[in-house]
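Report on one structure; see the data block that follows.
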Amino acid sequence: MPSEPRVTLQELVENGHLDTVPEDFLVAEKDRVKLTEDGAAKVELPVIDMAGVEHGVVVEQIRRACEQWGFFQVKNHGVDLQLMSRTQQVFREFFELPYEDRNKIRAVAEHDALPDEGYGDRFGVKESNSANWSDRLRLYTFPVSGRRYELWPQHPPSFRDTVEDYCEEADKLTSRISELISESLGLEPEFLNDYFAGRSQQVLQVNYYPPCPQPDVTMGLRKHSDNNSITLLLQDATVGLQVKKDDQWVTVKPVEGWFVVNVGDQIEILSNGRYRSVEHRAFVSAKPRMSIATFSAPADDTVVGPIPELLRRAEERPRFRAIKFSKFKKSFYYAGWAKAPSGKDHLGHLLIDQD
Ligand SMILES: O=C(O)CCC(=O)C(=O)O
Ligand SMILES: [Fe+2]
């Protein structure tokens, strides 16, 4: 029998009258956020205008952003702005529901696996390990046949239609971005979409960061790279996202109506390390924050390795061993994330000695 889950962090914050951050949530001194006096050194990531008239220029901008940042923002991306704000609204309403209602779709451990879908706070992290200052709602949204609607909130009533539309649009945009990334690597536009054989999965993850009494001793989401291929992130107006650039943490300035895009570990492997999945993290503040991620990933049985055509052209040897995505995920969660989400050790296991 699975044990009764603990209350989520939001519940603890709303009913616990916390003046300090409980021990579970403390992070080591070296991993704490150091904000400058004005709150944060905010930078603008490279901005890609998806409606840019010069296709070649857009492709070149994508190449530069992927090589130099692993992250960029997109504007004029074709996703309806009202749909984006309606989506933010239905998730806000979900997190405003009474705890009993949220808890109806609580993520529970099934068999010997860690909780992976539904509402909860320690996905992929064993109970005994230190926690992030956040709760989340996580749903498998593509393929449609994999949707577990019993884990989708019933309230607000418009939740399902809104989220289905949003996921569809996010998937289309991801597909367009995959085409641009393919081209930026000198491949046919359809290359990456074909590699994933039209069977990509999409996981929707809404991160809710409750207000924090001591933001400088904890972390909303510890540093990590994303284990999938391409992530779209829709954040609200509160700062929190930090990206590692030239060994420094830089804070991303949120811009309404834009998406943040980043390449994950699968693109790093496929491109033989030319595009890197960059570490990022989220800090918290006295204000609540919400971010909505859609992770696009290969189907579980897809074997991902450096693309032979790229190796041939660059006369390179493969830097990574090919691996089935399901196996990669397991090592991501069990070898790295579950112990203490940190950096990119999970990718290091696949490196091939170059001498
Ligand atoms: O909340 C954020 O800005 C970051 C979210 C994130 O990195 C993730 O969900 O993987
Ligand atoms: Fe992430």
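Both ligands and their constituent atoms are indexed starting at 1 by order of listing. Quick caveat: nothing in here was measured; it's all calculated off a predicted structure. Hydrogens, waters and symmetry mates play no part in the numbers below; they use all other heavy atoms, side chains included.
Taking 4.0 Å as the cut-off between side-chain N and carboxylate O, Arg92 and Glu96 do not count as a salt-bridged pair. Of the charged side-chain nitrogens involved, none lies within less than 4.0 Å of a carboxylate oxygen, so that Glu168 and Lys172 do not count as a salt-bridged pair.
With a 6.0 Å radius and a threshold of 12 heavy atoms from other residues, nucleotides or ligands, Glu190 has its CD atom above the threshold.
Side-chain contact check for Gln242 and Thr251: at least one donor-acceptor pair (N or O, by modelled atom type) lies under 3.5 Å.
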For ligand 1, output the ligand-protein N/O contacts shorter than 3.5 angstrom; if there are none, return none.
residue  : atom   : partner : partner atom : Å
ligand 1 : 1 (O)  : Tyr209  : OH           : 2.6
ligand 1 : 1 (O)  : Arg289  : NH1          : 3.1
ligand 1 : 1 (O)  : Ser291  : OG           : 2.7
ligand 1 : 3 (O)  : Arg289  : NH1          : 3.3
ligand 1 : 3 (O)  : Arg289  : NH2          : 2.9
ligand 1 : 7 (O)  : His224  : NE2          : 3.2
ligand 1 : 7 (O)  : His280  : NE2          : 3.0
ligand 1 : 9 (O)  : Gln205  : NE2          : 3.4
ligand 1 : 9 (O)  : Asn207  : ND2          : 3.0
ligand 1 : 10 (O) : His224  : NE2          : 3.1
ligand 1 : 10 (O) : Asp226  : OD1          : 3.4

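Between the side chain of Ser134 and the backbone N or O of Gly220 there is at least one donor-acceptor pair closer than 3.5 Å.
Counting heavy atoms from C-beta on, the side chains of Phe283 and Val239 come closer than 4.5 Å.
Annotation: Phe94 is in aromatic contact with Tyr119 [ring centroid separation under 6.0 Å].
Considering only residues two or more places apart in sequence or on other chains, Arg274 meets the salt bridge (charged side-chain N to carboxylate O under 4.0 Å, His left out) condition with Glu67. With sequence neighbours left out, the side chain to side chain contact (heavy atoms under 4.5 Å, CB included) criterion links Arg319 to Asn272, Leu351, Gln354.
Inspection of the environment of the Fe ion (ligand 2) yields the following protein N, O or S atoms under 2.8 Å: His224 NE2, Asp226 OD1, His280 NE2.
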